[in-house]
Every structure is written in C-alpha cells, then in structure tokens.
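Here the structure is laid out as structure tokens; the discussion comes afterwards.
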Amino acid sequence: MRSEIARLFDLTGQVAFITGGAVNLGLDMASALCAAGCAVAISSRELDRAQEAAQTLAEAYEVETLPLQLDQTQPSQITKAVDDVLAWKGQFDILVNNAGNGPTNGLGMFERSPEDIQQMISINLIGTLNCCREVSRAMVERKSGKIINIASIAGLIGRDRRMYQRNEMAGVPVDYSAAKAGVIGMTRDLAAYLGPHGVTVNAISPGGFQRKAMPEGFVRDYSDRVPLGRMGRDGVDLKGAALFLASAASDYITGQNLVVDGGFSVWQ
C-alpha cells in the first residue's frame with residue numbers, strides 16, 4: 001500500500017471507546033480499529049466479557065486496551081466510563097455507539113408490554129444519546145473527534161415478518177425499529193450541532209448478519225432477498241465501514257448513514 005493511503009487509515013496514537021465491544025459486530029469493529037493502531041476501551045454489561053475481549057485484542061494487535069462495565073441505561077455509569085477513559089488516556093478521538101438490543105418478546109407491537117417497549121427505547125436510543133452527550137464534551141474541548149452510531153436497516157424499512165414466523169423466530173419489534181430510526185435522525189442533527197466544533201457524526205446501518213444459531217430456512221429466505229445473495233459475515237463485512245468512518249479518510253463526511261446490507265433495503 002502506498003504511504004499516502006496508509007496514512008489515511010492509520011489510527012496510531014488515537015483512542016477509541018466502543019460500547020458493546022466485547023462480541024459480534026462490536027468486537028469486529030474494535031478489531032479493525034486495533035489493527036490500525038488505535039488504543040481501544042470496550043464496554044459490556046458484564047465486566048468479565050469486556051476483560052476477555054480486551055485481553056484478546058491487546059495480544060492480537062499489540063495495542064493498549066481498557067475493559068469497562070457499562071449499562072448505558074444508567075447515566076451515572078456512562079459518566080463513570082467516560083471518566084475512566086479520560087483517566088486512562090486523557091482524550092477521546094473516536095466513539096462507536098454499538099451497545100443495543102433489548103427484550104424481544106413478541107413479533108410486532110400488540111404483543112409487547114409497555115415495560116419492554118420502554119426498555120428497548122432506553123437502551124437503543126436514549127442510552128446512545130447520553131453516550132454521545134458525555135463523550136462529545138471531551139471532543140469539543142479538543143475541537144476534534146469522530147462519533148459513529150450503529151443504527152440498523154430496521155430504522156429505514158418495514159419488515160416482512162412472515163419470514164420470521166415461518167422459521168419460528170422472534171423477529172424485530174416495532175419499538176426497536178423506532179429506536180434505530182431515532183438514532184439515524186439524531187445522527188443527522190448531532191452532526192449539524194457538533195460540526196462547528198470539529199466533530200463528525202455518522203451512522204452505520206447493518207443488515208442481517210448470519211449467526212450459527214439461525215435456522216437454515218431463515219438464512220436461505222433472507223439471503224434470497226439480498227441482491228448480493230447472502231447475509232453479512234461476522235469478522236469481515238463491517239470492519240471496513242467502521243475503519244473508514246473512524247479514520248482521516250472520512251474527514252469531510254458527516255451526518256451520513258452508511259448502509260451495510262448487501263442491498264437488502266433497496267431490493268424489496
């Protein structure tokens with residue numbers, strides 16, 4: 001690789017905080033940033049999972065890592081996590097808001113309890129907003145930073161739930177879609193708010209990624225709806241998008257939602 005291109009993606013000396021970074025897509029993105037030389041703090045609701053992932057990353061990429069316990073529905077825990085990262089490295093260059101999910105009882109809305117709906121919104125939207133709020137304070141002071149919010153194609157399109165029902169899967173609740181749509185809208189306005197302070201804010205909306213526990217019928221049905229003919233691959237398909245938005249290669253990009261779904265959302 002030519003040096004000028006390598007420099008665009010080099011994160012040596014930078015510090016990233018990745019919420020929900022211990023497993024799956026969060027760990028993939030943490031790996032990509034570590035491979036580019038970034039020091040990474042990763043959080044999980046379970047500290048031992050964060051510790052295990054942080055150790056794995058440190059050994060694999062020879063970078064510094066910091067494991068954190070964080071339930072982002074608790075504002076005091078967000079404040080503590082931010083303070084811990086600042087005590088560790090004194091700066092934030094990158095925030096990846098990946099923590100999410102929540103209770104998935106029921107396929108749509110009528111089966112959902114008010115408590116499930118409230119918790120889903122609290123985890124996926126309000127928690128993400130509060131993480132942005134606290135971390136961006138430190139970024140504004142330095143007049144630089146990159147925020148990447150992980151949304152979902154669920155925030156862009158309605159779902160044909162028959163695919164889930166015939167494969168006996170829970171599917172995506174309406175309140176999850178509402179939360180992720182909120183993340184996309186928040187990303188746009190936060191980009192406008194923080195742009196004058198030198199901070200970029202973008203979102204990534206992944207489509208479906210194949211997991212071992214998924215029924216073969218669902219993988220087949222879903223893949224048939226994707227122009228590229230397959231589901232996303234863990235360890236592969238989200239790394240490039242995350243590194244791009246975290247690096248100097250995207251310095252003039254803000255307020256955007258990068259859809260990583262093999263074309264699922266455009267071919268219905």
Side-chain angles (χ1 to χ4, degrees), residues 16-21 25-26 29 32-33 72-73 75 78 82 92-102 117-118 120-159 172-209 232 237-268:
F17 178 26
I18 303 177
T19 68
L25 297 182
M29 292 184 286
L33 271 55
Q72 67 180 30
T73 66
I78 296 174
V82 169
F92 283 94
D93 298 288
I94 302 156
L95 168 64
V96 180
N97 272 310
N98 176 69
N101 292 324
I117 292 172
Q118 185 170 356
M120 184 70 79
I121 300 294
S122 179
I123 293 170
N124 290 279
L125 178 56
I126 298 173
T128 296
L129 175 59
N130 283 332
C131 286
C132 287
R133 179 174 181 266
E134 294 305 316
V135 173
S136 65
R137 294 180 191 274
M139 291 179 170
V140 166
E141 288 183 7
R142 301 180 69 237
K143 300 188 182 302
S144 68
K146 290 178 176 286
I147 295 174
I148 304 168
N149 295 321
I150 305 305
S152 170
I153 60 169
L156 297 171
I157 59 172
R159 292 295 185 91
V172 178
V174 171
D175 38 290
Y176 177 82
S177 299
K180 291 301 187 180
V183 169
I184 295 168
M186 177 189 71
T187 295
R188 294 194 181 104
D189 198 41
L190 193 59
Y193 183 78
L194 293 176
H197 301 282
V199 179
T200 66
V201 188
N202 292 289
I204 298 175
S205 284
F209 274 64
D237 288 323
L238 202 64
K239 287 184 173 182
L243 179 57
F244 170 64
L245 291 178
S247 70
S250 62
D251 276 354
Y252 200 53
I253 298 173
T254 196
Q256 302 304 305
N257 179 37
L258 179 55
V259 180
V260 183
D261 70 347
F264 182 93
S265 59
V266 301
W267 192 16
Q268 298 300 310

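No hydrogens, no waters, no symmetry mates; every other heavy atom, side chains included, goes into these values. For this chain, numbers begin at 1 and follow the sequence in order.
- The nearest pair of heavy atoms linking Met120 to Ala179 is O-CB, 4.4 Å.
- Residues Met29 and Ala242 share a closest heavy-atom pair of CG-CB, 3.5 Å.
- Put simply, the residue from Asp189, Ile184, Val183 that forms a side chain to side chain contact (heavy atoms under 4.5 Å, CB included) with Thr187 is Val183.
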| said: Between Cys132 and Val201, is the side-chain contact (heavy atoms from CB on, under 4.5 Å) condition met? List the steps. | reply: CA-CA 9 Å; Cys132 287; Val201 188; 5.6 Å; no
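- Between the CD1 atom of Ile18 and the CG atom of Leu33 there is a distance of 5.0 Å, given to the nearest 0.5 Å.
- Judged purely by distance below 3.5 Å, without hydrogens or angles, the side chains of Asn149 and Thr128 never pair a donor atom with an acceptor atom.
- When the shell of 6.0 Å around CD of Glu134 is examined, it contains more than 12 heavy atoms from other residues, nucleotides or ligands.
- Inter-residue side-chain proximity for Leu245 and Ile204 is flagged as met; some heavy-atom pair is nearer than 4.5 Å.
- Side-chain contact check for Asp93 versus Arg142: some heavy-atom pair is nearer than 4.5 Å.
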| Between Ile148 and Asn202, does a side-chain contact (heavy atoms from CB on, under 4.5 Å) hold up when you go through it step by step? | CA-CA 5 Å; Ile148 304 168; Asn202 292 289; 5.5 Å; no
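- Listed for the Ser247 side chain is a donor-acceptor partner under 3.5 Å among the backbone atoms of Leu243.
- The nearest pair of heavy atoms linking Gln72 to Cys131 is OE1-SG, 3.8 Å.
- The shortest side-chain heavy-atom distance between Lys146 and Ser250 falls under the 4.5 Å cut-off.
- Under the 4.5 Å side-chain criterion, counting only non-hydrogen atoms from C-beta, Ser152 is in contact with Tyr176.
- Rounded to the nearest 0.5 angstrom, Leu125 CG and Asn97 CG are separated by 11.0 Å.
- Annotation for Asn98 and Gly26: closest pair ND2-CA, 3.3 Å, computed over non-hydrogen atoms.
- Considering only heavy atoms from C-beta on, Leu156 stays 4.5 Å or farther from Asp261 through its side chain.
- From Ile150, atom CD1 reaches atom CG of Asn124 across 12.0 Å, with rounding to the nearest 0.5 Å.
- Counting all heavy atoms, side chain and backbone alike, Thr254 lies closest to Thr200 at OG1-CA, 3.4 Å.
- At a threshold of 4.5 Å between non-hydrogen side-chain atoms, the residues Ile147 and Leu194 count as touching.
- To the nearest 0.5 Å, atoms NZ (Lys180) and CG (Asp175) are separated by 12.5 Å.
- The two atoms that bring Ile153 and Gly207 nearest to each other are CD1-CA, 3.6 Å, heavy atoms only.
- For the pair Leu95/Met139, a side-chain contact is recorded, criterion being any heavy-atom separation below 4.5 Å from C-beta on.
- Between the CZ atom of Phe244 and the CG atom of Leu258 there is a distance of 7.5 Å, given to the nearest 0.5 Å.
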